[in-house]
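Worksheet: the structure to be examined is printed underneath.
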Amino acid sequence: STWGSASNKKPTIKKQRPKPKKSTQGSFQYMRMELCQHGDAESFISRQSHKVISFVEARCLLFQMAFSLHVAGDKFGLKHYDVKLLNFFLQDANAHSQNVRPNSEYTVLRYGLGDHVYLLRMPNARAIIAKLADYGTATFDVNSLSKTQDQHLSEVTIGQFTTIENTPPEQFILGDSAVQGHGHDNFGLGLAMLHLFTGQGPYEELLERVVCPPMLRKRLETVWYSSEGSTGKNQKAKARSSSDCNYSVLRSIMTIDSDDGDDEAYDVPYDTVYRFLVLFGIPNERYGIIKKNGRFGGSKKFWDAIDSSLLPQSSSRITEENENKENIGCRRVCRSRNGSRQAKAELDNCKKRCNDSIQFEEDRSNYSIDFGRNEHISRAREGLKSMKGGMQLLKSLINFNPDKRLTALGVLNSTFMEELRESSGRMTVDHERDIVKSYMSYALSSHK
């Protein structure tokens with residue numbers, strides 16, 4: 001069936017399913033699942049006043065999301081590959097409870113983790129349990145001895161390109177050389193965290209008007225398609241390209257067969273890369289660059305495309321402090337009437353690069369998580385800075401290097417979650433009035 005609009009997701013066309021053959025009749029498997037009263041987390045937030053939730057509630061939900069990912073990875077070796085608020089269902093914590101105390105006002109969820117016990121204290125009316133759902137793209141490794149560690153992993157396939165807007169940057173940077181692993185889920189958790197604190201909608205809806213500028217798009221296209229049809233190259237060219245990343249899997253999702261049989265470009269990967277750079281900035285570490293046979297390869301061409309388009313005055317990394325100065329200089333070159341020293345083609349090319357750089361500067365001023373003026377981005381930034389370790393946690397989850405990205409367990413043990421610890425004294429339980437539910441199988445202490 002063909003899906004409708006974002007506001008009406010019911011199929012617009014109903015297709016008659018073929019009747020199964022007799023040989024296959026009865027070969028079906030059905031799953032009976034719990035009905036979660038509050039639906040998915042994204043819809044839940046959209047129904048709130050001004051489409052936001054409190055920062056305290058956002059932290060409680062993030063804790064539960066991280067806990068579910070940690071347990072799923074530790075017990076079943078699960079890698080979800082599509083972590084987002086739409087895939088977390090919210091259940092009333094007291095939905096199946098009997099004999100609820102009539103004088104109680106709060107529900108406390110106690111989570112044991114190592115030597116710590118975490119307390120999530122919520123008003124009864126908003127006592128919610130977040131449950132990870134939608135395992136259609138997940139993989140399991142129940143035999144792994146270290147299920148939360150990425151060892152001997154396979155390279156990415158089209159199965160790891162799920163929600164393209166949430167695809168982690170390493171798959172755009174390394175292409176076929178990127179590997180499957182928990183880093184995908186950890187980056188998705190970072191985007192989910194951003195969504196919890198901005199409210200309104202996922203980042204791609206907040207940045208709907210932010211699109212990849214033309215020069216950067218052209219250069220990324222050159223990088224991503226440069227290895228296509230390389231069989232006809234001479235031996236020297238083959239040797240030169242052998243150390244560069246290949247992007248055959250990415251290319252396979254960037255071409256959509258249209259109804260008339262022609263291929264049409266798929267814009268989302270270009271816009272997604274650019275939006276990550278706008279939100280989080282160009283990282284100092286150029287992840288994936290390698291040196292082989294005396295030359296730099298790996299992801300170098302990808303980063304060269306970024307630098308030459310968005311930072312036109314220098315091929316090296318420029319800091320936030322001199323970013324505006326560089327763009328002002330670029331404007332002066334383009335506006336100069338003395339064109340006798342350079343060819344018109346070079347001047348035109350400079351103008352295009354400057355336009356990309358100026359657009360990047362303007363988009364960053366609106367949507368950068370560090371200083372953007374957008375009201376929802378500003379709200380998230382102020383909230384995260386007001387909570388100890390908040391901004392640090394977000395940035396550790398969206399690190400472009402998956403090896404340096406914080407794990408779900410790291411989120412639970414982070415400074416940001418310290419205030420939820422029973423030992424901190426900030427969270428307490430009224431045993432006479434509170435409704436208490438304990439989840440202690442991961443506790444190593446005597447708090448049973």
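The analysis underlying the following values was restricted to heavy atoms, covering all of them including side chains, and did not include hydrogens, waters or symmetry mates.
For D92, the salt bridge (charged side-chain N to carboxylate O under 4.0 Å, His left out) criterion is met by no residue, not counting sequence neighbours. Partners of F44 by ring pair (Phe, Tyr, Trp, His ring centres under 6.0 Å), not counting sequence neighbours, listed by chain and number: H38. For K437, there are no salt bridge (charged side-chain N to carboxylate O under 4.0 Å, His left out) partners at least two apart in sequence or on another chain. Not a single ring pair (Phe, Tyr, Trp, His ring centres under 6.0 Å) links F416 to another residue, sequence neighbours left out. With sequence neighbours excluded, the residues that form a ring pair (Phe, Tyr, Trp, His ring centres under 6.0 Å) with Y439 are Y111. Applying the ring pair (Phe, Tyr, Trp, His ring centres under 6.0 Å) test to Y203 and every residue at least two apart in sequence or in another chain returns F276. Considering only residues two or more places apart in sequence or on other chains, K84 meets the side chain to side chain contact (heavy atoms under 4.5 Å, CB included) condition with D82, L86, N87, T163, N166. Residues passing the salt bridge (charged side-chain N to carboxylate O under 4.0 Å, His left out) test with E382, sequence neighbours excluded: none. Residues passing the side chain to side chain contact (heavy atoms under 4.5 Å, CB included) test with E375, sequence neighbours excluded: none. In this view, V71 and F67, K75, Y442 satisfy the side chain to side chain contact (heavy atoms under 4.5 Å, CB included) rule, not counting sequence neighbours.
When atom types are taken as modelled, the side chain of T137 and the backbone of H80 share a donor-acceptor pair closer than 3.5 angstrom. Side chain of R217 to main chain of Y270: no donor-acceptor pair is present (N/O by atom type, distance under 3.5 Å, no hydrogens or angles).
Counting only residues at least two apart or on different chains, the salt bridge (Lys or Arg N to Asp or Glu O under 4.0 Å) pairs with a member in residues 386-401 are D370-K395. Sorted by first and then second residue, the salt bridge (Lys or Arg N to Asp or Glu O under 4.0 Å) pairs with a member in residues 51-71 read E57-R126, R59-E419; sequence neighbours excluded.
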